[in-house]
Amino acid sequence: MHAEQSDIIDQAIGWHVRLADADEHGWADFIAWLEASPAHATAYDAIAKDDRLIDGKHFPAPMPAAGNDNSPGRLRWSWLIAGTAAAAMGVAMLAPSLIAPRSSLYVVATRAGERRTVALQPGTSIELSGGTVLRLDRANPRVATLDHGEALFHVSHDAAHPFTMTVGSMTIRDLGTVFNVARDGKGLTIAVAEGSVLFQPGSKARRLGAGDALAVRDDGRDVIASKIAPNLVGGWRTGTLSFDNKKVGDVIAALKRLYGFKLDLDSGLSERPFTGMVRFTGVADRDVPHLAEMIGATWRRDGERWILSDGASAPR
């Protein structure tokens, strides 16, 4: 294995281990790393496929991706070696899988504020919002895995080969539909615009029809069902966002992901609950003051950065 290829694999392992606990900045760095080279996505695909062989505690955090940095130092395979013959065999088992022929799996990712549409086959496509990471399979266009972010799925029904989406330990199977899924690291939301889907967080399956929505924790617990107007499903595409008893911190995180806004909250405001439907233009000069008014906050600017505060009016 060439030294450069080994370095990339080491970086991919580090990312795969750390993403489970990554915040929005970590995901932004990961997406930047993926887009820096096709070899990065290929290596990450291989690691994701073989993650059952990886013991995360042996790997340090990856170096942040930055255009003006030197290449990170090589993370040597000695991290894996525990001084026993069994550990050495574990390394021997892992290395061949990483240099095997290229997997059919691949990653599609968008940066904050970016959107992208992927056509899988006639009648089936996926619209990705900003800050989204999706794994697909060239060998099977009827499967997908959402790692992070939000996407709207347009799926042509095939009873013999149902479209199956994986989100953490949960699965969603289409019954001929248009549906939206969002995942933020703490939980996910599903909303159906047309047709129906079969949602299975565990041993029990749940059918959702047009206008049905639900929110569920990432571990499949605390399922909360609700209703939504079908025309509002995937409202992020037109700037219409609906929030039901969400924390202001979650609202701000959604805006940063969707539009790439540079937004910060002063302490005390993040936990404030917010319910409402807001129309956004994607222009910070208009949207940030409007949102501040709706949540009862004040705002100020520091260059391109916006700061929302609780309390007395701040200078504008």
Any chance you could measure [X], atom [atom1], to [Y], atom [atom2], to the nearest 0.5 Å?
X	Y	atom1	atom2	value
Ile126	Leu134	CD1	CG	5.0 Å
Arg217	Ile224	CZ	CD1	10.5 Å
Ile295	Arg272	CD1	CZ	6.5 Å
Ile172	Leu198	CD1	CG	10.0 Å
Leu241	Leu255	CG	CG	6.5 Å
Leu308	Ser270	CG	OG	11.0 Å

Considering all heavy atoms, the nearest [X]-[Y] contact:
X	Y	value
Pro141	Phe163	O-CE1, 3.6 Å
Ser309	Arg300	OG-NH1, 3.1 Å
Phe261	Lys256	O-CG, 3.4 Å
His40	Trp33	ND1-O, 2.5 Å
Tyr259	Gly239	OH-CA, 3.5 Å
Ser129	Arg257	OG-NH1, 2.6 Å

Sort and list the pairs that fulfil side-chain hydrogen bond (donor to acceptor under 3.5 Å, both in side chains) and have at least one residue in residues 280-290, not counting sequence neighbours. Thr281-Asp287, Asp285-Arg301
Val216 side chain near Met170 side chain, heavy-atom distance below 4.5 Å: yes
Are any non-hydrogen side-chain atoms of Val155 and Leu120 less than 4.5 angstrom apart? no
Check for me whether Arg138 meets the cation-pi criterion with Tyr106, that is, NZ or CZ under 6.0 Å from the six-membered ring centre and within 45 degrees of the ring axis. yes
Count I, L, V, M, F, W, Y as connected when their side-chain heavy atoms are under 4.5 Å apart, and connections chain through other members. Are [X] and [Y] then in the same cluster?
X	Y	result
Val278	Trp299	yes
Val248	Ile307	no
Val288	Met277	yes

Listing request: all salt bridge (charged side-chain N to carboxylate O under 4.0 Å, His left out) pairs with a residue in residues 158-178, at least two apart in sequence or in separate chains. Arg142-Asp174
For Arg207, is the CZ atom crowded, meaning more than 12 foreign heavy atoms sit under 6.0 Å from it? no
Does CD in Glu293 sit with more than 12 non-hydrogen atoms of other residues, nucleotides or ligands closer than 6.0 Å? no
List in chain and number order the residues that pass side-chain contact (heavy atoms from CB on, under 4.5 Å) with Ala139, two or more places apart in sequence or in another chain; answer none if no residue qualifies. Ser104, Asp137
Partner residues of Pro273 under the side-chain contact (heavy atoms from CB on, under 4.5 Å) criterion, sequence neighbours left out: Asn245
Taking side chain to side chain donor-acceptor pair (under 3.5 Å) as the test, write out the residues that go with [X], two or more places apart.
X	result
Thr164	none
Arg206	none
Trp306	none

Listed pairs under 3.5 Å, donor-acceptor, residues 175-192 side chains, sequence neighbours left out:
{"unit_1": "Thr177", "atom_1": "OG1", "unit_2": "Glu194", "atom_2": "O", "d": "2.1"}
{"unit_1": "Asn180", "atom_1": "OD1", "unit_2": "Trp236", "atom_2": "NE1", "d": "2.9"}
{"unit_1": "Asn180", "atom_1": "ND2", "unit_2": "Glu150", "atom_2": "OE2", "d": "2.8"}
{"unit_1": "Arg183", "atom_1": "NE", "unit_2": "Asp218", "atom_2": "OD1", "d": "3.1"}
{"unit_1": "Arg183", "atom_1": "NE", "unit_2": "Asp218", "atom_2": "OD2", "d": "3.3"}
{"unit_1": "Arg183", "atom_1": "NH1", "unit_2": "Leu146", "atom_2": "O", "d": "3.3"}
{"unit_1": "Arg183", "atom_1": "NH1", "unit_2": "Asp147", "atom_2": "O", "d": "3.4"}
{"unit_1": "Arg183", "atom_1": "NH2", "unit_2": "Asp218", "atom_2": "OD2", "d": "3.0"}
{"unit_1": "Asp184", "atom_1": "OD1", "unit_2": "Lys186", "atom_2": "N", "d": "2.9"}
{"unit_1": "Asp184", "atom_1": "OD1", "unit_2": "Gly187", "atom_2": "N", "d": "3.0"}
{"unit_1": "Lys186", "atom_1": "NZ", "unit_2": "Asp250", "atom_2": "OD1", "d": "2.8"}

Any side-chain donor-acceptor pair under 3.5 Å between Arg116 and Thr110? no
Ser156 side chain to Thr124 side chain, donor-acceptor N/O pair below 3.5 angstrom: yes
Just distance, no hydrogens or angles: give the donor-acceptor pairs under 3.5 Å from side chains in residues 226-234, sequence neighbours left out.
{"unit_1": "Lys227", "atom_1": "NZ", "unit_2": "Asp212", "atom_2": "OD1", "d": "2.5"}

Do Leu214 and Leu208 pass the side-chain contact (heavy atoms from CB on, under 4.5 Å) test, and can you show the C-alpha distance, the side-chain angles, and the key distance before you say yes or no? CA-CA 9 Å; Leu214 61 79; Leu208 304 177; 3.6 Å; yes
Salt bridge (charged side-chain N to carboxylate O under 4.0 Å, His left out) against Arg237, all qualifying residues, sequence neighbours excluded: Glu127
Go through the structure and list residues passing salt bridge (charged side-chain N to carboxylate O under 4.0 Å, His left out) with Arg305, not counting sequence neighbours. Asp264, Asp302
Intermediate values then yes/no, side-chain contact (heavy atoms from CB on, under 4.5 Å), Lys246 and Thr275: CA-CA 6 Å; Lys246 293 290 186 179; Thr275 296; over 6 Å; no
Hits for ring-ring contact (aromatic ring centres under 6.0 Å, His included) against Phe280, two or more places apart or cross-chain, chain-then-number order -> none
